[in-house]
Amino acid sequence: MDTTHKQQYFSNELLAWYLRHRRDLPWRRSRNPYYIWISEVMLQQTRVDTVIPYFHRFIERFPTVEALAEAPEEDVLKLWEGLGYYSRARNLQGAVREVHERYGGIVPDNKEEISSLRGVGPYTSGAILSIAYNKPEPAVDGNVMRVLSRYFLIEEDIMKPSTRGIMEKLAKALIPEGAAGDFNQALMELGAMVCKPRSPNCLTCPVMEHCSAREAGMEEQLPIKKKAKPPRPEQRVAALITGSGDHQGKVLIRQRPQEGLLARMWELPHTEVPFTYMAASPSSPELIPESFKLLTDQLAEETIGIIPERWFMHAEHTFSHIHWDMDVIACRLEPGIIPSPAGMLLPSHYQWVDSATMDNFAFPNVFLKILNAYFAACTEL
DNA sequence: AACACGGGGAG
DNA sequence: CTCCCAGTGTT
């Protein structure tokens, strides 16, 4: 079978399959480029089922380019809470502000301008141009690379940037005349619903008949992918500082720095401790002091004196590159360090919150879990 | 080219 | 539990 026929068969069958089997997803109910853009940024590294509720809340609160451009950044971060990769939210708002100011609120419809926006890389630009404007641009994500590597039996390592180029060229050549948006979505839909990472489901695949990987019995081995490095472990100790007096029933939180991991999110005060220090546990809370002193010293530099009261809980959290192993210690403020009235000298990036007011701050999931566990325990008493 | 950057689902 | 998923920006 010659190459062009194999390609034409693929494009035609896949497109026909998609038109019959496409899922009814919220962002497929319009061709509003702004909605498509929001959805594509949310879908970066994130599953459809996870994104759906976030997408609804987001467009309800920020229905237009103008609404998002004029919103406070904290509001955007709060709506992104739990979705991860928070720079996506900040870059998105920055780019939307640029579209608002420079392009009169109209999302650009050409590669040059749209690619210059923060957070819009090769995948997202292709997705927006094809889905919102039906421009014949490829949108190569992980699904697409998996499907193409199997159907065309491509044994290049998909983690290599050079493989992207090969895939984009191929994906572009496959786009049927006038059907870029539907075809690109068809490719991703097949990867998500049929040609899945660990189960190719060939028997239900619309292009099985000419799939090279299946013919070679290679469908389970593709795509070829170099293994990622395991996350490096970090031991951490956090202080759950409970208030008294005016702050009875509240907990002290702080905001993270402008840049880096979980930038500008809120957290419990905590610090990394060396592994040579034993972790605490309910059975051996006496092992706390060495590691706890590091936290005490760090907070003392910010004029906050704490006294440990009891071990509260253990929390683990895995990022793609770091694993946190965290002990949470319930503490009270040391009298005399914070002068009366209490909290007067609290640094501005610190705040007291209770279970109601914590809704005003965006937290990474690991701290959300700890705070919810604490306030739930308080309610039981 | 290598690394930073979250969080969730499947088996 | 282990493994998998894989866009964009920075260096």
### Query
Between A:K369 and A:S199, which is nearer to the 5' end of DNA chain B once each is assigned its nearest nucleotide?
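Result: A:K369.
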### Query
When the nearest nucleotide of DNA chain B is assigned to A:M265 and to A:K226 on a heavy-atom basis, which residue is associated with the more 5' position?
A:K226
### Message
Using the ring centroid of each side chain, check whether A:F367 and A:H270 are separated by less than 6.0 Å.
### Response
yes
### Message
Using a 3.5 Å limit for the pairing distances, which stems of at least 3 consecutive Watson-Crick or G-U wobble pairs does DNA chain C take part in?
### Response
B:1-5 with C:7-11, B:7-11 with C:1-5
Could you pull out all residues at least two apart from [X] that satisfy side chain to side chain donor-acceptor pair (under 3.5 Å)?
| X | result |
| --- | --- |
| A:T64 | none |
| A:S125 | A:K111 |
| A:D354 | A:T357 |
| A:Q93 | none |

### Task
Assign A:L262 to base, sugar-phosphate, or nothing according to its heavy-atom contacts below 4.0 angstrom with the strands shown.
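A:L262: backbone/sugar contact only, no base atoms under 4.0 Å.
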For [N] and [M], measure between their [atom1] atoms and round to the nearest Å.
| N | M | atom1 | value |
| --- | --- | --- | --- |
| C:dC5 | B:dC5 | C1' | 15 Å |
| C:dA6 | B:dG11 | P | 15 Å |
| C:dC3 | B:dG6 | P | 24 Å |

### Task
Go through the structure and list residues passing salt bridge (Lys or Arg N to Asp or Glu O under 4.0 Å) with A:R23, not counting sequence neighbours.
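Listed in chain order: A:E189.
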### Listed partners of A:D49 passing salt bridge (Lys or Arg N to Asp or Glu O under 4.0 Å), at least two apart
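Per chain and number, A:D49 pairs via salt bridge (Lys or Arg N to Asp or Glu O under 4.0 Å) with no residue.
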### Task
Take atom CD1 of A:I307 as the centre, draw a 6.0 Å sphere, and report whether it contains more than 12 heavy atoms from other residues, nucleotides or ligands.
yes
### Task
Only pairs at least two apart or in different chains count here, so list each salt bridge (charged side-chain N to carboxylate O under 4.0 Å, His left out) that has a residue in residues 215-232 of chain A.
A:R232-A:E234
### Query
With the sugar-phosphate defined as primed atoms, P, OP1 and OP2, and the base as all remaining atoms, what B/S/- string results for nucleotides 3-9 of chain C, 5' to 3', for protein heavy atoms under 4.0 Å?
BSBBBSS
### Message
Students should find this one: the first and last nucleotides of DNA chain B, 5' to 3', lying under 4.0 Å from a heavy atom of chain A. What are they?
### Response
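That gives a stretch of B:dA1 to B:dA10.
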### Message
Using the side chain to side chain contact (heavy atoms under 4.5 Å, CB included) criterion, which residues pair with A:C331? Sequence neighbours excluded.
### Response
A:A239, A:I241, A:F292, A:I306, A:I329
### Query
Who else is in A:M208's hydrophobic cluster (ILVMFWY, side-chain heavy atoms under 4.5 Å, direct or via others)?
A:L203
